[in-house]
Amino acid sequence: MSGGGALESDAIELLRALIREACVNDGRPESGQEIRSVRVLQRFLAPAVATGRLETQVLESAPGRASLVARVRGTDPDAPSLGLLGHLDVVPVDPEGWTRNPFGGELVDGEVWGRGAVDMLYLTAAFATVIRELALAPERPRGELVLLAVADEEAGGEYGIHWLAREHPETVRVSEAISESGGMRMGRHVAIEVAEKGSAGRRLVVRGKPGHASIPYGAASASYRVGEVLQRLGEVAPVPQLGELWGAFVDARIDDPVLAQRLRDPVSVDAALPQLGGIAGYAHAVSRVTLSPTVLRAGATHNVIPAVGTIDLDIRTLPGTSDDDVDQLLAAVLGPLAAQVEIQHLRGWAATASSPREPLFAAIERAVGEVAGAPVVPIMAAGGSDARVLRELGIPAYGFGLLAPGWSYERYREGVHGNDERIDVESVALSLAALRLIVRERVG
């Protein structure tokens with residue numbers, strides 16, 4: 001692979017074009033319409049396709065809900081097959097909260113503005129740029145490089161990676177993969193995601209005795225029961241569980257030895273969290289199972305005392321946490337109220353993790369060191385991504401990126417799904433440079 005100046009410009013222009021397609025996914029089956037961004041990628045990749053070195057497929061799970069798979073085949077069937085997993089959809093915006101057009105893709109003072117710039121169109125653009133470069137190279141690579149530019153990540157992936165894995169499993173057959181949720185700075189370290197929490201949604205159902213609201217005596221409103229359960233949930237919290245990645249996070253981010261010692265102790269960690277400033281939310285999330293009430297329902301009309309109330313819980317689990325563990329935890333948290341509450345299971349998935357001792361992680365580590373002169377730290381993501389689907393198939397997958405030194409974890413979280421989302425050209429260039437080294441080592 002040659003110098004990267006022209007490639008950086010190509011990646012930036014592709015990012016801007018993808019932002020302008022405004023593939024907003026609000027969760028409805030007809031939203032997203034990722035076919036628009038697929039067409040942008042097809043035009044970008046056309047020179048490589050014309051050589052015969054790059055094979056592409058466009059697969060639609062529903063009208064307009066398209067994913068693109070591009071593949072450069074290698075010469076050695078025993079060499080790695082590296083997947084570059086990016087998504088094309090973005091979350092909705094509130095235009096009133098934006099300084100600039102959220103779908104303008106403007107390049108201003110070295111920053112590209114627009115919804116999806118950080119999450120994760122800059123990486124999808126870098127992935128496409130690198131696979132095009134590899135396909136246009138004079139010689140075929142030793143291994144295989146696969147771009148998976150998928151639909152529907154922001155709404156769970158049913159029209160994207162899940163559908164591909166179920167209906168077209170050959171498209172996701174890679175031996176290792178890179179995706180999003182990495183690259184932010186943890187002190188002097190660069191964070192690379194190796195795990196992400198699971199989801200175990202629950203609906204708590206409480207029952208009362210209905211009646212006419214004008215004569216409440218003798219009735220038992222389910223609304224009061226909902227309030228009692230909420231109060232209990234607010235007062236009793238799951239205890240910290242400091243897993244194997246916790247110590248690496250503390251070592252990378254915390255310079256104060258006294259504070260670091262307190263954070264390593266499950267007894268004192270919660271008292272120490274307020275001293276962490278903007279990183280406290282992340283530290284709290286990855287050090288325990290979290291329970292967040294999100295949707296409350298009781299009653300349908302103002303003059304009827306409701307007989308049933310429900311509380312939907314967003315529950316994020318740690319690796320190794322089973323469904324039975326979650327139900328037992330809920331019973332413990334509810335305490336004396338547990339016998340009055342029915343627990344229903346909502347959609348969920350297990351936490352996933354990939355070992356940081358895999359060859360791909362070592363290649364990421366070397367590339368980040370060469371480009372940025374920085375060590376890496378393996379972290380767990382509090383949220384979810386499409387990478388979990390590959391991990392569930394036994395494929396090592398890592399959240400990648402190499403953002404500029406000013407990109408702390410806090411800044412990254414503010415950019416993802418926030419107003420005025422934007423990314424600097426330097427971060428795109430750094431990520432692209434590291435990615436090219438990884439591809440060269442693994443498949444080149």
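What you see below is based on every heavy atom in this structure, not just the backbone, and it leaves out hydrogens, waters and symmetry mates.
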Problem set entry | Whether Y398 side chain and S355 backbone form a donor-acceptor pair below 3.5 Å | yes
For this session: State whether the side chain of R20 and the backbone N or O of G104 hold a donor-acceptor pair below 3.5 Å, judged by distance alone.
Result: yes
Exercise. Could you go step by step and tell me if S81 and R173 meet the side-chain contact (heavy atoms from CB on, under 4.5 Å) rule?
Worked result: CA-CA 8 Å; S81 175; R173 281 199 199 109; over 6 Å; no
Roughly how far, to the nearest 0.5 Å, is [atom2] of [Y] from [atom1] of [X]?
{"X": "R253", "Y": "I279", "atom1": "CZ", "atom2": "CD1", "value": "4.0 Å"}
{"X": "L230", "Y": "I311", "atom1": "CG", "atom2": "CD1", "value": "4.0 Å"}
{"X": "T171", "Y": "W163", "atom1": "OG1", "atom2": "CH2", "value": "8.5 Å"}
{"X": "L330", "Y": "R202", "atom1": "CG", "atom2": "CZ", "value": "7.0 Å"}

Less than 4.5 Å apart, any side-chain heavy atom of [X] and any of [Y]?
{"X": "S199", "Y": "R316", "result": "yes"}
{"X": "V443", "Y": "L134", "result": "yes"}
{"X": "L242", "Y": "F249", "result": "no"}
{"X": "E196", "Y": "R391", "result": "yes"}
{"X": "V269", "Y": "W246", "result": "yes"}
{"X": "W407", "Y": "D424", "result": "yes"}
{"X": "L276", "Y": "L263", "result": "yes"}
{"X": "L313", "Y": "L233", "result": "yes"}

For this session: Report the C-alpha distance between R39 and Q42 in whole Å, list the side-chain angles of each, state the deciding distance to 0.1 Å, and finish with yes or no for side chain to side chain donor-acceptor pair (under 3.5 Å).
Result: CA-CA 5 Å; R39 299 305 184 209; Q42 285 182 302; 2.8 Å; yes
Exercise. Quick one: which of T56, L147, L148 gives a side-chain contact (heavy atoms from CB on, under 4.5 Å) with V69?
Worked result: L148
Looking only at heavy atoms, which two atoms of [X] and [Y] are closest? And how far apart?
{"X": "H87", "Y": "T124", "value": "O-OG1, 3.2 Å"}
{"X": "A195", "Y": "A353", "value": "CB-CB, 3.6 Å"}
{"X": "V377", "Y": "A248", "value": "CG2-O, 3.5 Å"}
{"X": "V226", "Y": "R297", "value": "CG2-O, 4.5 Å"}
{"X": "V239", "Y": "R288", "value": "O-CB, 3.7 Å"}
{"X": "V333", "Y": "L291", "value": "CG2-CD1, 4.1 Å"}

Problem set entry | Pairing residues for R132 by the side chain to side chain donor-acceptor pair (under 3.5 Å) criterion, not counting sequence neighbours | D10
More than 12 non-hydrogen atoms from neighbouring residues, nucleotides or ligands closer than 6.0 Å to [atom1] on [X], yes or no?
{"X": "E244", "atom1": "CD", "answer": "no"}
{"X": "D94", "atom1": "CG", "answer": "yes"}
{"X": "Q261", "atom1": "CD", "answer": "no"}

Exercise. Does NZ or CZ of R422 lie under 6.0 Å from the centre of the six-membered ring of W113, at an angle within 45° of the ring axis?
Worked result: yes
